[in-house]
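Here is the structure we will look at, set down as structure tokens.
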Amino acid sequence: MSEAAKAEGQAKPAEEPKLSPAELKKRAKAEKQARRAAQKDQQGGAGEAPAVNGRREEDRGQKQQDQKPKDGQQKGQQPQQQQKQAKQTAQSDGKHERSGSQHQNMPVRPKSVQPSEAKEQRETKQVELFSHLCTQPRRQDITGAHKDVHPTVAATGFQMSNYDICGSSARCVAMLLAFKEVIQAYALPKGKAFAMHFTPHYLSPQIDFLKSCRPISESMGNAIRYLKKIIGELDPDMQEQKVKEYLCEEIDRFIHERITVTDQAIAELASGQIKNGSVVLTYAKSAIVEKTILQAHAQGAQFRVIVVDSRPLFEGKQLAISLMTAGLDVEYLPFSGLAHAVKEATLLLLGAHSMLSNGRLQSRIGTASVAMQAHKAHIPVIVCCESVKFSGKVALDSIVLNEVAPSEELLLQKPTATMQPPSDQKANDDEEDEGKLRSLHDWKEIRGLQILNLMYDVTPAEYIRMVICEYGNVPPSSVPAVHRLANEGM
Amino acid sequence: MAPKGKKGANAAKPKQGEEEPEEPLQAVILADCYETRFNPFTLEKPRCLLTLANMPLIEYTCEMLAGSGVEQVFLYSGNHSDQVEQYLQQSRWMRDTSPFSLEIIRSTSRSVGDAMRDLDQKQLIKGDFICVYGDVVANVQLEAALTAHKARREKNKKAIMTMVLREAGDSHRTNSQHTRPCFVIDPHTQACVHYEQMKPRKSPRLEISDEVLKDHPEMEIRSDLIDCGIDICTPEVLAQWSDNFDWQMPRRGFVHGVLKDFETFQLTIHTHVLTDGYAARVRNLQTYDAISKDVVSRWSYPYCPDTNFLPDHSYKMKRGFVYKEDGVVLARSSVIGRKTVLGEATSIGDDSVVLNSVVGRRCVIGKRVKIEGAYIWDDARIGDDTVIDTAIVGNDASVGSKCSVQKGALISYGVRIADGTTVRENTRVSQLKRKRGYEEDEVVRGNTDPKVVGEGGDGFRLEFDEDEEDVFETLVAGVQDLAVDEDDSVSEFSDEEDEDEEVHHHRKTSRTESFTSIGSEESGEARQSAADFHHEAANSLFDSLQKGQDPDTIQLELKALTLATNAEGKQIRRAVAVAFSKRMAKFVETGKSAKEAASSTVSPNRLLIERCVDAASVEEQVEFLLFLQTDLVHRPQGSKLLLFASFELANNDLADADGFQGWWEAAQSSATEELKKVKVETKQVVDFLQDQDESSEEEDDEEDED
Amino acid sequence: MPTSKVGTTPSLPNFLKSLKHNDIETSIEAFISLLKRRLVRGSRPCAIATVNLLLRVVGEERIKDAHKLIERIRDVGRRLVAAQPREMAVGNVVRRVLEVVRERAEADQDAAAGSEGSTTSPTTPTELTPSSGAHALPKDLQIRAHGSAHGEKPTSNGVSDATAQRPALASTNTSYAGQAPSATSLFSILQHPTTASGGRSPYATPPGDNQSASSKSSSRRGEEAADAKGGEKLDIKAEVITGIIELQNELEDVDDEIASYALDHIHSNEIVLTHTSSQTVQKFLMTAARKRKFTVVHAEAYPNDHEATHATIVNGGRKGGDEDALGAGGDERWKPLTSMGITVILIPDSAVFALMSRINKVILAPHTVLANGSLLAGAGASTIALAAKTHHVPVVVLSGVYKLSPVYPFDTDELIEYGDPVKVVGFEEGRLVQGVDVVNPAYDWVDSDFVDLYITNLGAHAPSYLYRIIADHYRKEDTVLT
Amino acid sequence: MATVKTNPAPTGGTTAQQFDVVATYHRLLQEDAEITMPVAAIEALILGLANTPATTVSETLDLVSKLTEQLKQSISNPISLSAGTDLFQQYLISNLQRPSARGDFDSIRGHLVQNGRLFVERAKAARETIAGFGRRFVRDGNTVLTNGGSRVVGSLLRSAAESSNDRGGRGSIRFRVIYVVSPASHTSNESESEANIRALRERDIPVATIPPTAIAYCMDTVTSCFVGAEGVVENGGVVNRLGTLQMATLAKAAGKPFYVVSESHKFVRLYPLSQQDLGIEQNIVDFRTANGSEKESDPRLMGDEGLADMDGGRDVMIRSASTPTCPPEEAVDYTAPHLISGIITESGVLLPSAVSEELIKIWF
């Protein structure tokens, strides 16, 4: 792991200058807190410590549970020899990423630089329940990245980390396109076999980089696995240029077959569910759902759409606008209006981040609540999801598999979220501001205050009445079947 | 909530205040906007009593003031003062439980300026006061603005006024699309250092004086502000008005003026930008529509129907913004669509559909009626099988059965439309019309015109005497907007206050609609002064033409006049056009042929036209032609005159092919039958020029080939 | 700065100040317009304002006659309720005050009646025989039954002027609340004509804590009986005013009383989820935090209350901060939970479901509690309650008695206020503003079977028992003010 | 006479000779279609009281209880009836046994005897009051599900329909009714429900009739359910004609409010634990083999306890001796309180939990 070492070498200098005065203060604070905590324990005040541990254990336990089946599946997943190893690296990377275990070499992690200090911070600012998800902060710059990281990949990575590219499929496509560049840029060293050298020495750094920008989505995982597979299957004595062309074609094919065409097919299918006079409820923004609705509209169905949206991303606004401009009758509610929304709706369309093997749906945080309310109101809940997003993983709750986004998003979004928090007193905006600011930036200084910004939650299968994928309409129970068919049969 | 709490600490609440009140907070409501934009409705009723979402406009304004803790209100009422007074007398604002004392001042003033000067004489204003129009719909609290204003005053006595502006997005429906005020603000002092009208879709050009640039290292240029005409003024403001008797309008007159002689008086005008709350003015039909929609979909919360500000209101809101008052009678099969307001004791017959509309009280709507996007005021009756689309039906009006009221039609009070009649787009049907003297208007009953209201109907199509043509144009614009789907219609009002220098709209509808804006650009006082200027200029021009003075001197006089009233291009063009047509008409009356008339009028005085119509600018030409045309409508042999005049213009290269082309295609040039009639003959000129053009081009080509 | 010219912007504090010098009518009008403009919102501020207003009204009232006084109060109440039907607290307080007046008035009656034959005493034994059914009734109830018996029987024995004295008896049946009909209700069809329409609910007690209150009241009756002999009702007004002041005090320390039960419900290392910036909840948690360490997960209640919530978390509570936190409050503040070593995790509402599997308790603060045990709370509450239900997490609702409304929710939609869409979509998004219907419901309705426990200042009750508490505090003839 | 009174025959023979309470009861029901069983029972008892000049408290009570028994025996399903009789008995007890009341025994008796009609009127008034609530429950655009021939429900819906017809408010309530009508042979109940349906349709309220089997199917379209009650039992549950339980269960499942409409004089002191616990005999589940129905070994098993509750086992033996099992179309079932959103009485909407207190209050 030479580059890893190098990376760490770079990491230090990289980290040092980054310590803004704020962070210094933070550190000081942290140490003070450490002292206070110590005193507390001496006084024998039943502090969080025990609780913490307890909860930690719990999590560990889950992690194990979680991993075991996964590995098992992996075994099942790999028919051929040489991919297994390749794949497991990928997998395990992913896993370690999520479980954020220390011993893994993460090029840029302040932790590895100043363990003690980082630890302190984590204690105060990371929600214990999700400590296993709290990986290093999303990479916002190139510093400390692997030397070979391709500019396009870097660019894509940043776009992902700040949601310019958002949504499972979109990210997947972006990544693949980037990889095409990568492949073109790659120069095979003398006397190395493409398959042998490219994947571990050139492709993986790229993937790692993307991961460091934002944990990769299921669809990306599948795509990578697919890519690695075809690379593995390469005919050794095909010469470099040919190989590159071949791979690029393959990638294009993949995008075309598994995403572009699929979306169309699904939209076709799903739009059939929208009848005249129906009121379609949807949450946040899903590309497919948008397609579906527009399709139905194009087919001349008369219906209304209710978009429920939530902080901090407000994806629903884009959806609302695009539907509005398409001439649809759109109603837009904040998440709090959910109960109100389900009263009128006749159909709930959801997109997916990924469909888990136990039939549960992993999607934007809040989806579960929406599905729950809809289920209670006896509204059919339909998930539109390309098979490429189907996953071999399982999860029982939203805690094991998840992604923790930077807490700051929850704060910084606010000014734009609502212009000058309304309340009844229009007056003294400046005051309001001031008041907000305090809650905005000081949260790090307030001991015991944590802000949790989860990305996804897991919707129980019993809420989901139908999953629409390119293989047709299937019940959630047959997700694993489709997954095998689509993602492992290849 | 905590921020509030902190606010409590230093907000301007009396209990925190250091001093006890020594003077009440005063406000001035300008109930009359000195304009006729809401004709025919304003013929009988003051604008501030028109109902928006079934509540008179004045109520919104008063609520807003009360909500800001105003303690003393002076209301300037122009037209129909008696009605205003009568209404307010039995409103809660005149009771002793009213939060403020209300004093109605009847005035003959013909502009805001006059009103202000009058106010100054009356010596009623003790301290700082709020100045608003009688048609402001706003849920904002001015507390913050007032506090800020105060603070400034403490520091600098010269800060005489604070304009309260609402920050809005790029495309807010109550915000203008085609022209909007552009404030240049010093971010530190919040002082407005420069004010201008901007045309977003045109390359914005601001003429900011060097001094300003020198004095203010930092400047914000804001064109995203809704100017809802709420000003916080110091007594000094009144003094200023009095000193400058020629100022008519708060913005273009006052603000411009003050900013202009900043060097001399050092007076500053400040802005307070609201970032939340709702604030808008009902200036014309488009805004009426837009704001109604806002109120119904609660953007003006809590100023919504179901707040029932009026004691006798009993609105309840159901899902989908459906507001029903008690005792609404709905046939089982009737359908009430979203965003609808139904007043008390209104009944709706079987299979009728009401959608996106406001229906007043005691209305009777028959069976199988379809009403969409319409405003139906109290006691109106709609017969069976009638279709009403985006129109306004006034109080007590009745529309027979099987009628069709098309987009933008206005049916005024008490009008009766007979069964099976179709009311055309944009027609204004009224019982009354206005005889216009320059000083005072008298309103007289017109005689019924069966062609419009059908046999047995009552009412006639309200025509426009020449001084109302601008209003008429507004209406066109307004109607078009009413008609266009909500998306941007509502977002446009063609006349923001004192956009009167504004000439060209750039609307998707058509470029030449620029003409629309002539009147529409002017709000009350603007129009008034414009009218004055126009009148004066036109007459003097005409006289001098009669006298056959030499063009240069005439031009000189004109110039002087222009400067005096700082009128701008458009008005001059108009004046010239009118003068010319008058002149020609005179010739004709004296028995000359139209041809001679034209030739002997135009060519000798071509200078005048040259000066005011830039031969390079197609717009100006088009405009001039339109003016000419519109004026000639009323002249004997108008069409002939127009034809020959056009020839003359062409020959003198005062207007070129494009100009004519543009004019010919202009919507307004054929907005009414008369206009069409007048211009038909001129077609030949247009065509002729066109061919000429092309041929010339061809020649060019040939040359090129050589 | 010279605040004078800035004008006294209408607001709760200013209103309360103005009460002193303004005359009644103006004050009423002022309050009405405050309500309409939503410058006063949230149960507590409304309640406070109403109490103070009524105090003035009663104080002003020249007439000594209870009958007239009641009419007057009802009339005022009618206007206030009409102004903002969704602020139920207003109506509740009015009813409470009416209850006070009636109770005092009847006390007088009794005193008067007491002179002719003390028929009351013998009945009580039958009422109290500890019998198969009676022990089903909670203790305080029996005691109250006892206490009230004095007041009850004679009136039903039909001292004719007594019934005449009581207004609107004809209308007493039109009560839609889930409250117990008067003791004689089942007999009603067999009653003597005079007393046919049944008396009052026998359990009426003055506001505040039952035992003490009832004893108080009965003792008071004693004195009255003494001087009521002379038949002068001069002191009714004084009586009523003291009653109203009791009510005021109740509003004052309702939070503390509720908080006093905290330790029974929050245990160490629990993870508690709450919602909105309710000060009641904050106090509750604070009290628990003094003894125990636990974790609070705080849903921010965007868009109507999130700034308040953030502020509360960061800066701590504010005395008189109101439940729905959409309103004004005083200035006395206290430290935030975090300052007591409690871990507070702020989450967006959307994350509730994800976390619910780890939550031990959900604590909600209602806007109003309705006659059938269902409640209105800040929007988002129903989702939280439902999520809790599906995860079998107990839902505890903290509500002052003044939030209990005898009004039966016939149509829950009508109770929900639709707030300001600007909070959801700012003006800057002009296109959304025009093309999309933006809806911002301010409250959610949560059905009673989603609630496991109500904690009021009287103690903890099952939702199914609320009807009784309501019956204790309101007269059914007052349920409908209009 | 006096002698007869002093030692009455064991099975109420003598009084019966002069006065046949059962006949009176049925006559009353015949004469007045509007009258309910409990009220009819009360009437009958009062008449009985009138016909037999009892002079002492004990005698009176004795007599009343005897008449009550006769009544109860006479009909197959005495639940509703017993509500009335119990109420009457309790009234007497609570008023007569009061030591103080000794003196005014006559006055009370007089009051009762004279005001018989008055009570009936009040009962009806109560129903009207309840009906008055109708418009508050039935909202514009609602779809109401109901069943059976309950007069109260009928008048409730009617008043809602009327309120939607009177001037000023017309059309503001536009609701539809789904009426569950069992295709069973025509019985009094059926005709009742038909009367209700007709009445509604005349008031131009659209009414759909469905068989009980279709309830689940249409439950989604329903906004709220209303049913009458033969008796409201102590735990807040109701006993009502067969099918109610089914509807309630489905409503609960669909999360629709389920209201019971009942005058408070139908509250009955009965605490059934299960369907078999109603203390009446109805062979709904009738197992048959080729050679006929298998008889229950001992009818006592069906419902002794219930009766024990109702009026100390006294009449058990009587019942076990010979009780007409009620005909299938009059069969009833018991709906548990947790399925009921509210009980609409003339004195307001009670939560089921409030019922027991009501009963306790009159019994102790």
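Chain letters run A, B, ... following the sequence lines, proteins first, then strands; residues in each count from 1.
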Where is the tightest heavy-atom contact between Val330(A) and Val436(C), given as atom of each residue plus distance? O-CG1, 3.5 Å
Check: Val438(C) and Glu331(A) side chains under 4.5 Å, non-hydrogen atoms: no
What heavy-atom pair brings Pro441(C) and His340(A) nearest, and what distance separates the two atoms? CG-CB, 3.7 Å
When rounded to the nearest 0.5 angstrom, what distance separates CD1 in Ile384(C) from OG in Ser336(A)? 10.5 Å
Flag the pair Phe314(A) / Tyr302(C) as yes when their ring centroid distance falls below 6.0 Å, and as no otherwise. yes
Within 6.0 Å of NZ in Lys343(A), more than 12 heavy atoms from elsewhere: yes
Quick one, Tyr332(A) with Val439(C), criterion side-chain contact (heavy atoms from CB on, under 4.5 Å). Give me CA distance, side-chain angles, the key distance, then yes/no. CA-CA 6 Å; Tyr332(A) 177 91; Val439(C) 185; over 6 Å; no
Rounded to the nearest 0.5 Å, what separates atom CG in Leu333(A) from atom CG in Asn440(C)? 8.0 Å
Side chain, backbone, both or neither: which part of Leu452(A) has an atom under 4.5 Å from a heavy atom of chain C? both
For the CG atom of Asp437(C) and the CE atom of Met324(A), what is their distance to the nearest 0.5 Å? 11.5 Å
On a heavy-atom basis, the closest approach of Arg447(A) and Thr338(C) is O-CB, 3.3 Å
Whatever's closer than 4.5 Å to a heavy atom in chain C on Ser310(A) counts as side chain
Determine whether Ser350(C) and Ser369(A) make a side-chain contact, defined as any pair of heavy atoms from C-beta on separated by less than 4.5 Å. no
Please classify the contact between Thr390(C) and chain A as side chain, backbone, both or neither, with a heavy-atom cut-off of under 4.5 Å. side chain
Winner by heavy-atom pair count (cut-off under 4.5 Å) against chain A, out of Ile416(C), Leu386(C), Ile347(C): Leu386(C)
Verdict with supporting geometry, Arg311(A) and Asp349(C), salt bridge (Lys or Arg N to Asp or Glu O under 4.0 Å): CA-CA 8 Å; Arg311(A) 293 186 70 219; Asp349(C) 305 8; over 6 Å; no
Region of Leu337(C) that comes under 4.5 Å of a non-hydrogen atom in chain A: neither
Minimum heavy-atom distance between Ala354(C) and Leu454(A), given as atom pair plus value: CB-CD1, 4.1 Å
Please classify the contact of Ile313(C) with chain A as side chain, backbone, both or neither, using a heavy-atom distance under 4.5 Å. side chain
Take Leu410(A) and Leu346(C) through the side-chain contact (heavy atoms from CB on, under 4.5 Å) test and state the conclusion after the steps. CA-CA 9 Å; Leu410(A) 275 177; Leu346(C) 174 68; 5.6 Å; no
Min side-chain heavy-atom separation Thr383(C)-Met372(A) under 4.5 Å: yes
Asp309(A) versus chain C, the contacting section by heavy-atom distance below 4.5 Å: neither
Hey, mind stepping through Phe353(C) and Val370(A) against side-chain contact (heavy atoms from CB on, under 4.5 Å) and telling me if it holds? CA-CA 10 Å; Phe353(C) 189 96; Val370(A) 179; over 6 Å; no
So which part of Ser357(C) gets closer than 4.5 Å to some heavy atom of chain A, the side chain, the backbone, both or neither? side chain
Measure the spacing between CD1 of Ile345(C) and CZ of Phe130(A) and express it to the nearest 0.5 Å. 8.5 Å
Minimum heavy-atom distance Gln373(A)-Ser382(C), with the two atoms named: NE2-OG, 3.0 Å
Polar contact flag, side-chain donor to acceptor under 3.5 angstrom, Thr343(C)-Gln450(A): no
Can you tell me how far apart CG (Asp397(A)) and NE2 (His391(C)) are? Round to the nearest 0.5 Å. 8.0 Å
